[in-house]
There are 2 protein chains.
Amino acid sequence: MKIGELAKRGICSVETIRFYEKEGLLEAPTRNDNGYRQYTNSHLAQLNFIRHCRSLGMGLPEIRTLRTLQTHPELACDEINHLLDSQIERVHQQITSLRLLEQQLRSLRGSCHANTTIGNCAILRNLEQAADGEGCPCHAVHEKS
Amino acid sequence: MKIGELAKRGICSVETIRFYEKEGLLEAPTRNDNGYRQYTNSHLAQLNFIRHCRSLGMGLPEIRTLRTLQTHPELACDEINHLLDSQIERVHQQITSLRLLEQQLRSLRGSCHANTTIGNCAILRNLEQAADGEGCPCHAVHEKS
DNA sequence: AAAACACCCTGTTCCTACTTCAGGGTCAAG
DNA sequence: CTTGACCCTGAAGTAGGAACAGGGTGTTTT
């Protein structure tokens, strides 16, 4: 199949496929006489694997690692477990951080329900006061992450 | 104060300050005879405001909007409310998406507790099978977001 | 046959919010 | 007079592609 069909079947864009090839994630296919890329079902499986890992939030280096490990079935799979553990940890910390963030935003939003002018807007005053350094620990907290 | 001290007091890097100035977020300070930037407490307040908004997950365009609104205290503050509402919505959706992601990762991780080889690794097989299209809705789901 | 249209190619630039680097100037201390 | 800490500008790099420029190919329609 040609790149357009692979893109449709792999639910991604043509540019993304060429990008993966350039990055060495997707095996380079043979070319037709006219220079068009000619893909097989194996390429589709590879692409789906990559897209699935991406949908799980993995970065390209992690996926590269998995692809390399795939070709060495005799090795211990500890490395795969570690990789997943670190992914889980990363996602978990993101969630924790975002939950705190949502609370802060809701609290801020709650300070202005009435229709008023910017000069009287409690939200903006809260933002400015927090910026003055007192009473807002979130600033420094997020700084370190 | 010079840029190094502003950076220390604003808890960010010197480069970030110069970047904000180039982006028009932070007012350009006067220069000393030697060309060094000379900052005032007003600049520190501006920087803290920017950093605080950043720590709340806002992008530079949003912060630019707020900074512009600050200079028009007579306008209605509806726009500020809308801006915050959309921030909250964005963060909320991120959390929802990440929670689903964490569940998927944990489920995947749970399929391999034993020490085995990559050839037998249930995680990798799960990833490959999911990539084959059957039984994994998450792939297409994340695609649309 | 010519034109329109869909598809393909390479290569380059753009996006966020910075960080890092190259190459150099300034200033106080030892 | 040299060392080290600070400052300057401007360009390039980061992740993961998206978008565009400029051109070739293949089928269909006129």
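To find a chain, count down the sequence lines: A is the first, B the second, and so on, and within it residues start at 1. Values below: every heavy atom of this structure, side chains too, minus hydrogens, waters and symmetry copies.
- Remark: Ser42(B) pairs with Gln46(B) by the side chain to side chain donor-acceptor pair (under 3.5 Å) rule, at least two apart or across chains.
- Of all the residues in residues 33-43 of chain A, Gly35(A), Tyr36(A), Arg37(A) reach under 4.0 Å from DNA chain C with at least one non-hydrogen atom.
- Atoms CG (Leu25(A)) and C1' (dG17(D)) sit 12 Å apart, rounded to a whole Å.
- In this structure, CD of Glu23(A) is placed 10 Å from C1' of dG17(D), rounded to the nearest angstrom.
- Scanning both residues, Gly57(B) and Gln87(B), for their nearest heavy atoms gives O-OE1, 3.8 Å.
- Residue Thr16(A) places none of its side-chain N or O atoms closer than 4.0 Å to OP1 or OP2 of dG16(D).
- Looking at residues two or more places apart in sequence or on another chain, you find no side chain to side chain donor-acceptor pair (under 3.5 Å) involving Glu23(B).
- With sequence neighbours excluded, no residue forms a side chain to side chain donor-acceptor pair (under 3.5 Å) with Arg54(A).
- Remark: P of dC9(C) and CG of Leu6(A) are 11 Å apart, rounded to the nearest angstrom.
- For Arg31(B), the listed nucleotide lying nearest its side chain is dC8(D); candidates were dA19(D), dC8(D), dT20(C).
- Under the salt bridge (charged side-chain N to carboxylate O under 4.0 Å, His left out) criterion, Glu5(B) pairs with Arg9(B), sequence neighbours left out.
- In this view, Arg67(A) satisfies the salt bridge (charged side-chain N to carboxylate O under 4.0 Å, His left out) rule with no residue, not counting sequence neighbours.
- Distance Ile63(A) CD1 to dG16(D) P: 8 Å, rounded to the nearest Å.
- The stretch residues 27-46 of chain B participates, sequence neighbours left out, in these ring pair (Phe, Tyr, Trp, His ring centres under 6.0 Å) pairs: Tyr39(B)-His43(B).
- By the side-chain contact (heavy atoms from CB on, under 4.5 Å) test, Ser13(B) pairs with Glu15(B), Thr16(B), sequence neighbours left out.
- When the C1' atom of dA22(C) is taken as reference, atom CZ of Arg18(B) falls 13 Å away, rounded to whole Å.
- Contact between Gly10(B) and Leu44(B) at its shortest, heavy atoms only, is N-CD1, 4.0 Å.
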Between the protein and nucleotides 13-17 of chain C, are there any N/O to N/O pairs under 3.5 Å, and if so, what are the atom names and distances?
unit_1, atom_1, unit_2, atom_2, d
dA17(C), OP2, Leu60(B), N, 3.3

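- Computed from C1' positions of five pairs at each end, the angle between the two local axes of the helix from dA1(C)-dT30(D) to dG30(C)-dC1(D) equals 30°, rounded to 10 degrees.
- The nearest whole Å value for the distance from the NZ atom in Lys8(A) to the P atom in dC7(C) is 6 Å.
- Scanning for side chain to side chain donor-acceptor pair (under 3.5 Å) contacts around Asn32(B) gives Gln38(B), with sequence neighbours left out.
- The CD1-P distance, from Ile3(B) to dT26(C), rounds to 17 Å in whole Å.
- Residue pairs meeting the salt bridge (charged side-chain N to carboxylate O under 4.0 Å, His left out) criterion with at least one partner in residues 80-107 of chain A, sequence neighbours excluded, are Asp85(A)-Arg109(B), Glu102(A)-Arg106(A).
- Residue Ser13(B) places no side-chain N or O under 4.0 Å from the OP1 or OP2 atom of dC18(C).
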